[in-house]
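Here the structure comes first, spelled out in structure tokens, and everything after it is commentary.
In this text the structure is predicted, and so the values were computed from the model without any measurement. Chain letters run A, B, ... following the sequence lines, proteins first, then strands; residues in each count from 1.
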Protein chains: 2
Amino acid sequence: MNHEFYMREALKEAELARLKDEVPIGAVVVKDGEIIGRAHNLRETTQQPTAHAELLAIEAACKEVGSFRLEDSTLYVTLEPCVMCSGAIVMSRVPLVVYGARDPKGGTVDSLMNLLDTTEFNHRAEVISGVLEEESRQMLKVFFRELRNRKKREKKERTTE
Amino acid sequence: MNHEFYMREALKEAELARLKDEVPIGAVVVKDGEIIGRAHNLRETTQQPTAHAELLAIEAACKEVGSFRLEDSTLYVTLEPCVMCSGAIVMSRVPLVVYGARDPKGGTVDSLMNLLDTTEFNHRAEVISGVLEEESRQMLKVFFRELRNRKKREKKERTTE
């Protein structure tokens, strides 16, 4: 049981998002080797800005353990967390975050800043990056390419109508 | 109808939190003069790290309008938003945030940093601070004083048992 094993579970969640036409991002929370929370991005389906994979997985894990503190847990997520999800990690005291691909536009763990290593906050988390990076990145790349192609087709159809 | 009017509504929410032994923080989301979402801190009751007043009020507002974008809305909150709630503000594109009291330990709008004016993010929000500041601060102060006193009493009772 290693980081790749759990990241594959997070990738399975990302695949569930893709099947719903959601940006394919998945997350799992692991405690003592057991997955105690799993979720995928559901922003479009729910029309909730908070329905990111990490946030939903953290909520599922907290429900499972009956506590808002996830002190002995690890969060696995296919994409670098955004500002909101980094905040949820701080609030839930997750001590270790493992992610797949970087998010140069919105990532707040390595790319734009590091909110998980901010002395001013009452919690800091260790971060391991790049686990199954290529799989995560590829899934996102294909998703956005197909989305662009679909939009082009739709535009063309509208013009020729 | 001005900022104080809506902040009083946020304070009413904070009072509901206090009655549940929750840290008294309340929030409302306003669009075209109408309150489209209101909530109070429910972290202890729900044991969810995400159950902050702002996040729940944003979720309620998004449910009401059927969209994850709150582009023409104002968020009123009695206490300066934390990192997670600032992130939820960025994700929901709320353009204006009005808050009461500063949070020197966790505030990420003025106190520790300003996540709502970060060029790297795809959204920035205007901030108005200090609206009914004294009322918000006083409510929190009394809450924490009573909490400390209760803990002292409980400790004393345990020692004399």
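Taking CG from A:Leu56 and OG1 from B:Thr50, the interatomic distance works out to 9.0 Å, rounded to the nearest 0.5 Å. Note that the CZ atom of B:Arg43 and the CZ atom of A:Phe68 stand 3.5 Å from one another [nearest 0.5 Å]. The CE atom of A:Met84 lies 6.0 Å from the CE atom of B:Met91; values are rounded to the nearest 0.5 Å. Taking SG from A:Cys62 and CD from B:Gln47, the interatomic distance works out to 8.5 Å, rounded to the nearest 0.5 Å.
Each of A:Met113, A:Gln48, A:Glu120 has some count of heavy-atom pairs under 4.5 Å with chain B, and the biggest count is that of A:Gln48. The candidate with the highest count of non-hydrogen atom pairs below 4.5 Å against chain A, out of B:Ser86, B:Gly106, B:Gly66, B:Cys85, is B:Gly66.
At a 4.5 Å heavy-atom cutoff, B:Thr46 makes no contact with chain A through either its backbone or its side chain. Residue A:Lys105 touches chain B through its backbone alone, counting heavy-atom pairs closer than 4.5 Å. Neither the backbone nor the side chain of B:Ser111 comes within contact range of chain A, judged by heavy atoms closer than 4.5 Å. Residue B:Arg69: no heavy atom, backbone or side chain, is found under 4.5 Å from chain A.
B:Met139 and B:Phe144 fall into different hydrophobic clusters, where Ile, Leu, Val, Met, Phe, Trp and Tyr residues are linked whenever their side-chain heavy atoms come under 4.5 Å apart, directly or through other members. A:Leu11 and A:Ile128 fall within a single hydrophobic cluster, where Ile, Leu, Val, Met, Phe, Trp and Tyr are joined by side-chain heavy atoms under 4.5 Å apart, directly or via other members.
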Given B:Thr108 and A:Phe121, is the side-chain contact (heavy atoms from CB on, under 4.5 Å) satisfied, shown in steps? CA-CA 10 Å; B:Thr108 55; A:Phe121 294 153; 3.7 Å; yes

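Closest approach of A:Ile58 to B:Pro49, counting heavy atoms only: CG2-CG, 3.8 Å.
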